[in-house]
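First comes the structure, then the notes that go with it.
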Amino acid sequence: MAKIETPRPVRGTQDMLGGTPEAFAERFEHVVATFDRVRRLYGFQRVEVPVFESTAVFARSLGESTDVVSKEMYTFEDRGGDSITLRPEFTAGISRAYITEGWQQYAPLKVATHGPLFRYERPQKGRFRQFHQLDAEIIGAAEPGADVELLVFADQLLKELGINEGVTLTLNTLGDAASREAWRAALIAHFEAHRGELSEDSVERLAKNPLRILDSKDPRDRPVADSAPDIDAYLTDEARSFFEKVTSGLDAAGVAWERNARLVRGLDYYRHTAFEFVTDRLGAQGTVLGGGRYDGLIENLGGKPTPAVGWAAGIERLAMLVDTPERVPLQIGIVPENPDSEFLSQSLAYLFRQHGLSTFTTFSGKKDKRYTRSCAAAELVVNIDALHQKPGTFASLRFKAGQHPRTFGLDKSVENILRGRFKVDLEYVDDVLLNIDLLGEERRVPR
RNA sequence: GCGAUCGUAGCUCAGUUGGUUAGAGCGCCGGUUUGUGGUACCGGAGGUCGGGGGUUCAAGACCCCUCGAUCGCCCCA
């Protein structure tokens, strides 16, 4: 018989198992749970949008010339011949839904979501082909107060995750359309004048996306980039005033921020506020949360002109920064010492679980192994074989690291429970299960 | 798309200047011991040394190709 070759996982995807020392699944879960909790504090509605959309949704909103659209999308033709794309970001899909689902009636709309995104990129630290983001958007609010609330939300999230220490908020303004155009023209003029001093990459950027030269990592670009004009001189009065309101709002809320006049966004639709929370603890991927204002996007998708702000944060990146969440052991472990007790063990476990007690059971292994595993998994370990030797009782053992095991007896009501009645009351003293009392309701227990 | 580093058991890794039947720890399965027990001892299963080709009397080791992983460039969360 030919050997079956196991298909390999797709490059850039990951499998996460809980209960391992790395605890990556737990970190991931912790990030999402914290986000969901904080998002409620700010009154952001949970929103669900499809994982795939018509290709046009992303092509139009991100801009045809961007890297994401031109080479990173998972695009395919479905069986009906339509061009479909796995979402590479959230904002475009949410904006589409805002238009097609009539969500304008709820404006200004505050929504939050999280889930998988897909980008055909070369994987590296903190970067995957299927990755996951948290996302928050305020749609239909042109006021700087919306930017502020979103940033305060982000700041609190990072604080609650305990990772605010190594992470700083860097902030910039890209101005309104008029400011941006004037600045852009000035930048192009500046870079053209120094064309010969630029790296090859930046010469290419000059044609495609000149703003990007500003945050180039290539040391050859730095002198020219650093001497390039800031946007400040080109800001319209409105744009300047908007930015001032955002920064003073942050100051009022006590959110620390740094101006980074070199911060630009890769996607075409950004206006006014642009920001990134960055860290130096993730190798080359410094951005942990990023976003800004995208007043032109919804119009690009065929909707009415609608102002909006939003941000997204990489769940994997946050998970890498977060402390390992404390492991929560199961409450009770049941060890049958001999095979005859297996069935009893399952019945008892069922009983405990019905009453909301998390219960660990073993399926195999010799006695010592069962104890080892049970003690590792549960707070209190119960030996039920005493039931055979002395009906009406079983022994319970409690293990704590570095402590000598102690023994506790349980009272006779256990026998009654196991004989036929379900409803019980479990009594704890000092975290130790001491008593189980019947409450009366009669039901047969399979025996 | 480009560059660098790395692929030996389920996991973490040894394996000398090329030299017999490729090892350890952990994990898994079993036995003995213990018998309020997380132990100790013994044993077992598990490897086409990522794959293919080459050099050599001889390759896990050297050379070429290929696949994969990691990190970086580009870009991004």
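Side chains included, hydrogens not; waters and symmetry mates left out as well; all remaining heavy atoms used. Residue numbering restarts at 1 for every chain, and letters A, B, ... go by the order of the sequence lines. Values in this document were obtained by computation on a predicted structure and should not be read as measured data.
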Given the [atom1] atoms of [N] and [M], what is the spacing between them in whole Å?
| N | M | atom1 | answer |
| --- | --- | --- | --- |
| rA24(B) | rG43(B) | P | 11 Å |
| rA59(B) | rG18(B) | C1' | 6 Å |
| rG27(B) | rC11(B) | C1' | 7 Å |
| rC28(B) | rC73(B) | P | 41 Å |
| rA9(B) | rU34(B) | P | 38 Å |
| rA14(B) | rC6(B) | P | 12 Å |

The correct set of residues in residues 276-292 of chain A placing a heavy atom under 4.0 Å from RNA chain B is G283(A), A284(A), Q285(A), T287(A), V288(A), L289(A), G290(A)
Identify all pairs in which a protein N or O lies below 3.5 Å from an N or O of nucleotides 1-11 of chain B, and state each distance.
residue: rC2(B); atom: N4; partner: R122(A); partner atom: NH1; Å: 3.0

Under 4.0 Å from OP1 or OP2 of rC76(B): is there any side-chain N or O of R265(A) that close?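 Negative; the distance criterion is not met.
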Nearest to the side chain of [X] - [options]?
| X | options | result |
| --- | --- | --- |
| K125(A) | rC76(B), rC71(B), rC73(B) | rC71(B) |
| R119(A) | rG68(B), rC74(B), rA77(B) | rA77(B) |
| R11(A) | rG68(B), rC29(B), rC71(B) | rG68(B) |

Within the side chain of R317(A), is there an N or O that forms a donor-acceptor pair under 3.5 Å with the backbone of G126(A)?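 At least one qualifying donor-acceptor pair exists.
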So, the side chain of R271(A) versus the backbone of R180(A): is there a donor-acceptor pair under 3.5 Å, distance only?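 No; judged by distance alone, with no hydrogens or angles, the pair does not exist.
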Look at the rings of F153(A) and Y42(A) and say which category their plane angle falls in: under 30° parallel, 30 to 60° tilted, over 60° perpendicular. parallel
Geometric class of the H194(A)/H190(A) ring pair [parallel <30°, tilted 30-60°, perpendicular >60°]: tilted
Is any side-chain heavy atom of P307(A) less than 4.5 Å from a side-chain heavy atom of R293(A)? yes
